[in-house]
Amino acid sequence: MGRNMALPLLLSLAVLAASPAATANPGAAFDNWLTATNTDYKVNQALYAKKAVGDTGNTLDASLSAAEANKTTYVVDPKGSGDYKTINAALAAIPEGNTGRVILDLKPGEYREKIFLNLSKPFVTFKSDPMNPAIIVYSDTAATVGKDGKPVGTVGSTTCAIESDYFVAYGVVFKNDAPLAKPGAKGGQAVALRVFGTKAAFYNCTIDGGQDTLYDHKGLHYFKDCLIRGSVDFIFGFGRSFYENCDIVSIVKEVAVLTAQQRTKTIEGAIESGFSFKNCSIRGEAGGQIYLGRAWGDSSRVVYAYTQMSKEVVPVGWDGWSIKAPESSGIYYGEFKCSGPGSDAKKRVGWAQDLTEAQVKPFIGTHYVFGDSWIQPPPTGKSAPSTKTSKSSADSPAESPDSSSSAESPKSSKDSAAASSPKSSASYSKDAKSSEKKKEA
């Protein structure tokens, strides 16, 4: 269960468990899950209201409030005019168990390095100028061979992996520039950004790649005003995430699949994860068809609200992937008041939800990710001067880690189910998908 989510989930699930319908047929269980989702929302509303009338009116987590009151700035410049030339060198200088906000002021330029932010270093901010951004880029794929002579897998292909909590990024480009996998090829997964830590926010960022661009792995995440580009399953994972005002772009002329949200536990348990998109735009730049999502597990959940959909979005919208009877499983794919030539909900596959206003309420605000306790305005102002007092040996460029060094940390390896790649091919074939097995990342 996601951290800091136990109380509202337990309360809503208690209501669910008390109902005899919970043990009825799958269809009744799914109907009950819809009810439980709204119960969960109402419980959260009550908790927020109670929290907001405290003595100080400050609803932020205590640890986050303390961190924001104790800020440190490191300037990173690939040209050598900052405290560090590489992001890895700056991250190495952050102490284990860090309790204060550390801002990496990233100067414009290309940072060709693989980044792994350890879970022991929370409260880190990557800040850049969105008009002249820092570009963090690498070119590994799942088929890239590591030091051990074996393919690194989907997780190992990642350009930038964030496993710490309370991460913030503003104006940064996260990119995997590996060549697009050919249709039918295996090992083409090429992750630009993987987010495993909880309470992470991304503002005005670009997440650019092909297959499996954004691994929304696990935790509470908020993406606002971001550009996300890719081909197959390019927003995928087990996260509970809210995407607001984001531009989502297919880059292929064949067939693209925007989401592969993973959930293969009980229908009731699926309340804790899912992707929600509000006021976003969906379009293709190469003319290929676009699927809104497909079910990576029988309780996959994705909702689009007030979203502009281009003509490339296929009329049926969604695919159940390997789920034999999606209409009676826990799949929850819904739309609400979307617009554009690809938005006609009446043409959708029969088990997709044309949501009512009451049904969509739990998904269309930052309350969906419990945001009142951790989401803050983006760090758009001028960065504070560097707080480093002297240069160190870390000023020299750190060696970019080998592909094999980005293997899963002990924390993420425990979540082996969420590390499996949703598909091994950059193409999307109805015939191939039925016989395809999930491949471990």
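Computed over heavy atoms, backbone and side chain alike; hydrogens, waters and symmetry mates excluded.
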Worksheet item: Where do Arg348 and Gly342 come nearest, in terms of heavy atoms and distance?
Response: NH2-O, 2.7 Å
Worksheet entry | Non-hydrogen side-chain atoms of Tyr368 and Pro362 separated by less than 4.5 Å | no
Worksheet item: Thr259 and Gln261: side-chain donor and acceptor closer than 3.5 Å?
Response: no
Fill in: side-chain contact (heavy atoms from CB on, under 4.5 Å) evaluation trace for Ile228 with Phe234
CA-CA 8 Å; Ile228 306 169; Phe234 62 95; 4.0 Å; yes
Item to complete: If a pair satisfies salt bridge (charged side-chain N to carboxylate O under 4.0 Å, His left out) and one of its residues is in residues 283-293, list it, with sequence neighbours excluded.
Response: Arg229-Glu285, Asp247-Arg283
Worksheet item: Under 4.5 Å between any side-chain heavy atoms of Val313 and Leu292, yes or no?
Response: yes
Discussion item. Holding to side-chain contact (heavy atoms from CB on, under 4.5 Å), I want the full list of residues that pass it with Gln376, two or more places apart in sequence or in another chain.
Written reply: Leu60, Leu64, Glu68
Worksheet item: Stepwise, does the side-chain contact (heavy atoms from CB on, under 4.5 Å) test hold for Tyr170 with Asn204?
Response: CA-CA 6 Å; Tyr170 173 74; Asn204 293 85; 3.6 Å; yes
Response to the item:
The salt bridge (charged side-chain N to carboxylate O under 4.0 Å, His left out) partners of Asp225 (sequence neighbours excluded) come to none
Fill in: Under-4.0 Å salt bridge between Glu163 and Arg194
yes
Worksheet item: Going by heavy atoms in the side chains, are Phe236 and Val257 under 4.5 Å from each other?
Response: no
Worksheet entry | Non-neighbouring partners of Lys224 that pass side-chain contact (heavy atoms from CB on, under 4.5 Å), sequence neighbours left out | Tyr203, Tyr222, Glu244, Asn245
Worksheet item: What residues form a side-chain contact (heavy atoms from CB on, under 4.5 Å) with Val314, not counting sequence neighbours?
Response: Gln289, Tyr291, Val316
Item to complete: Please report the closest heavy-atom contact between Pro379 and Val168, naming both atoms and the distance.
Response: CD-CG1, 4.1 Å
Worksheet item: What's the shortest heavy-atom distance between Ala190 and Ser157, and which atoms?
Response: CA-OG, 3.8 Å
Item to complete: In plain terms, say whether Arg294 and Asp233 are close enough for a salt bridge, that is, a side-chain N and a carboxylate O under 4.0 Å apart.
Response: yes
Worksheet item: Can you tell if the side chain of Glu357 reaches within under 4.5 Å of the side chain of Phe336, non-hydrogen atoms only?
Response: yes
Discussion item. Going by the rule side-chain contact (heavy atoms from CB on, under 4.5 Å), which residues pair with Val124 if we only count those two or more places apart in sequence or in a different chain?
Written reply: Leu91, Ile94, Leu117, Phe126, Phe167
Discussion item. Side chain to side chain donor-acceptor pair (under 3.5 Å), that's the test. Do Gln308 and Ser339 meet it? Break it down for me.
Written reply: CA-CA 5 Å; Gln308 174 76 23; Ser339 59; 2.9 Å; yes
Fill in: Modelled atom types, side-chain donor and acceptor of Tyr333 and Ser300, under 3.5 Å
yes
Discussion item. Quick check: closest heavy atoms across Thr158 and Leu193, and the distance to 0.1 Å?
Written reply: CG2-C, 4.2 Å
Worksheet, complete the sentence: Sorted by chain and number, sequence neighbours left out, side chain to side chain donor-acceptor pair (under 3.5 Å) with Glu96 holds for Ser120
Discussion item. Run the salt bridge (charged side-chain N to carboxylate O under 4.0 Å, His left out) test against Lys107 and tell me which residues pass, sequence neighbours left out.
Written reply: Asp105
Worksheet item: By ring-ring contact (aromatic ring centres under 6.0 Å, His included), which residues pair with Tyr243, not counting sequence neighbours?
Response: Phe223, Phe277
Discussion item. Checking Lys127 now: which residues fulfil side chain to side chain donor-acceptor pair (under 3.5 Å) with it, not counting sequence neighbours?
Written reply: Ser383
Worksheet item: What pair of heavy atoms forms the shortest contact from Phe202 to Ala200, and how long is it?
Response: CE1-CB, 4.0 Å
Worksheet item: Would Thr213 and Asp208 satisfy side-chain contact (heavy atoms from CB on, under 4.5 Å), going step by step from the backbone distance to the final call?
Response: CA-CA 6 Å; Thr213 300; Asp208 191 1; 5.6 Å; no
Practice prompt. Indicate whether the side chain of Gln353 and that of Trp318 have a donor and an acceptor atom separated by less than 3.5 Å.
Written response: no
Fill in: Counterpart residues, side chain to side chain donor-acceptor pair (under 3.5 Å), relative to Ser241 (two or more places apart)
Asp216, His221
Fill in: Any residue meeting side chain to side chain donor-acceptor pair (under 3.5 Å) with Ser343, in chain and number order, not counting sequence neighbours
none
Practice prompt. Would you mind reporting whether Cys280 and Tyr304 have side-chain heavy atoms less than 4.5 Å apart?
Written response: no
Fill in: Distance-minimising heavy-atom pair for Val232 and Val255
CG2-O, 4.1 Å
